[in-house]
Amino acid sequence: VQLQASGGGLVQAGGSLRLSCAASGRSFSTYAMNWFRQAPGKERLFVAGISKSGSISHYSDSVKGRFTISRDNAKNMVYLQMNNLNAEDSAVYYCAAGPLISVVGDGVDYWGKGTQVTVSS
């Protein structure tokens with residue numbers, strides 16, 4: 001499956017952004033979907049994941065209560081709604097597909113190209 005993330009940009013602290021990830025292929029619903037992020041000079045970290053059906057989601061502690069992951073299997077899309085952004089959320093965001101929600105990158109089968117999110121304080 002091929003993944004393409006979009007929706008990043010520059011936003012002021014306290015603002016919101018919605019990231020989208022478009023997936024190609026007819027097997028989208030057989031993959032759990034995850035969002036990771038990587039800030040300059042830091043490792044890539046798990047942000048949020050959603051199960052194949054969308055019934056289960058999981059978030060890192062740093063974004064819990066502010067970010068919401070969702071998916072539309074009919075459209076082969078996964079979204080990340082990000083609210084109350086702060087400077088620490090600035091990073092390149094990647095969507096990723098795998099058999100399960102994965103908090104480590106090793107559990108991912110496919111990575112998309114990232115989209116840059118910059119939060120100005």
Side-chain angles (χ1 to χ4, degrees):
V1 62
Q2 292 184 326
L3 305 171
Q4 180 63 57
S6 62
L10 175 63
V11 62
Q12 289 187 333
S16 298
L17 278 177
R18 187 195 195 203
L19 304 184
S20 299
C21 177
S24 65
R26 290 176 287 181
S27 60
F28 176 71
S29 62
T30 66
Y31 292 98
M33 296 300 297
N34 304 275
W35 286 96
F36 288 77
R37 67 186 182 187
Q38 187 169 22
K42 297 186 177 181
E43 63 180 328
R44 189 176 298 185
L45 296 175
F46 172 81
V47 175
I50 191 166
S51 61
K52 299 169 188 178
S53 68
S55 61
I56 299 171
S57 57
H58 180 67
Y59 300 89
S60 68
D61 288 343
S62 62
V63 307
K64 197 173 297 182
R66 300 187 297 121
F67 290 12
T68 302
I69 188 171
S70 61
R71 67 187 297 162
D72 186 337
N73 285 345
K75 296 182 178 180
N76 283 12
M77 296 290 295
V78 63
Y79 307 98
L80 186 67
Q81 178 65 44
M82 307 186 295
N83 298 328
N84 194 21
L85 287 160
N86 57 60
E88 289 69 39
D89 296 316
S90 296
V92 177
Y93 284 71
Y94 299 89
C95 59
L100 299 169
I101 295 174
S102 177
V103 297
V104 294
D106 290 351
V108 167
D109 292 335
Y110 301 98
W111 291 94
K113 292 183 179 180
T115 185
Q116 175 73 50
V117 172
T118 303
V119 183
S120 62
S121 56

Quick test of your reading: applying disulfide (SG to SG under 2.5 Å), list the pairs with at least one residue in residues 44-82, sequence neighbours left out, ordered by first then second residue.
none
Which pairs with one or both residues in residues 45-58 pass side chain to side chain donor-acceptor pair (under 3.5 Å), sequence neighbours excluded?
S53-S55
Just grab all the salt bridge (charged side-chain N to carboxylate O under 4.0 Å, His left out) pairs involving residues 112-121, residues at least two apart or on different chains.
none
Which heavy atom of A32 sits nearest a heavy atom of L100, and at what distance?
CB-C, 3.3 Å
Within a 6.0 Å radius of atom CD on Q2, are there more than 12 heavy atoms belonging to other residues, nucleotides or ligands?
no
On a heavy-atom basis, the closest approach of A97 and V1 is CB-CG1, 4.2 Å
Treating Ile, Leu, Val, Met, Phe, Trp and Tyr as nodes and any side-chain heavy-atom pair under 4.5 angstrom as an edge, say whether F46 and Y59 lie in one connected cluster.
no
So how far is it from Q12 CD to L85 CG, rounded to the nearest 0.5 Å?
11.5 Å
Name all pairs fulfilling the disulfide (SG to SG under 2.5 Å) condition that reach into residues 23-63, sequence neighbours left out, sorted by first residue then second.
none
The criterion is side chain to side chain donor-acceptor pair (under 3.5 Å); which residues satisfy it with S60, sequence neighbours excluded?
S62
Non-neighbouring partners of D106 that pass salt bridge (charged side-chain N to carboxylate O under 4.0 Å, His left out), sequence neighbours left out
none
Sub-4.5 Å side-chain heavy-atom contact between W35 and F67
no
Can you list the residues that meet the side chain to side chain donor-acceptor pair (under 3.5 Å) rule with S121, with sequence neighbours excluded?
none
Taking all non-hydrogen atoms of both residues, which atom of A23 and which atom of L3 are closest, and how far apart?
CB-CD2, 3.6 Å
Near I56 CD1, under 6.0 Å, is it more than 12 heavy atoms from other residues, nucleotides or ligands?
no
Could you tell me which non-hydrogen atom of S102 sits nearest to which non-hydrogen atom of G107, and how far apart they are?
OG-CA, 3.4 Å
Is there a path of hydrophobic side-chain contacts, each under 4.5 Å between heavy atoms of I/L/V/M/F/W/Y residues, joining V103 to Y31?
no
One pair to check against side-chain contact (heavy atoms from CB on, under 4.5 Å): N34 and Y94. What are the steps and the verdict?
CA-CA 8 Å; N34 304 275; Y94 299 89; over 6 Å; no
What pairs of residues pass the disulfide (SG to SG under 2.5 Å) test when at least one of them lies in residues 48-78, not counting sequence neighbours?
none
Given the rule that I, L, V, M, F, W and Y join up when any side-chain heavy atoms are under 4.5 Å apart, are V63 and V11 in one cluster?
yes
List the residues meeting side-chain contact (heavy atoms from CB on, under 4.5 Å) with V117, not counting sequence neighbours, and say none if there are none.
L17, L19, M82, Y93, V119
Check salt bridge (charged side-chain N to carboxylate O under 4.0 Å, His left out) between K42 and all other residues, then give those that pass, not counting sequence neighbours.
none
Rounded to the nearest 0.5 Å, how far does OG1 of T68 lie from CG of L80?
8.0 Å
Any idea which heavy atoms bring F36 and G105 closest together, and the distance?
CE2-N, 3.9 Å
Residue pairs passing the side chain to side chain donor-acceptor pair (under 3.5 Å) test where at least one lies in residues 72-89, sequence neighbours excluded:
S16-N83, R37-D89, R66-D89, R71-N73, Q81-N83
Is there any disulfide (SG to SG under 2.5 Å) pair reaching into residues 79-121, and which pairs are they, with sequence neighbours excluded?
C21-C95
Closest non-hydrogen atom pair between S70 and I50, with its separation:
CA-CD1, 3.7 Å
Between W111 and M77, is there shared hydrophobic-cluster membership here, with clusters defined by ILVMFWY side-chain heavy atoms closer than 4.5 Å?
no
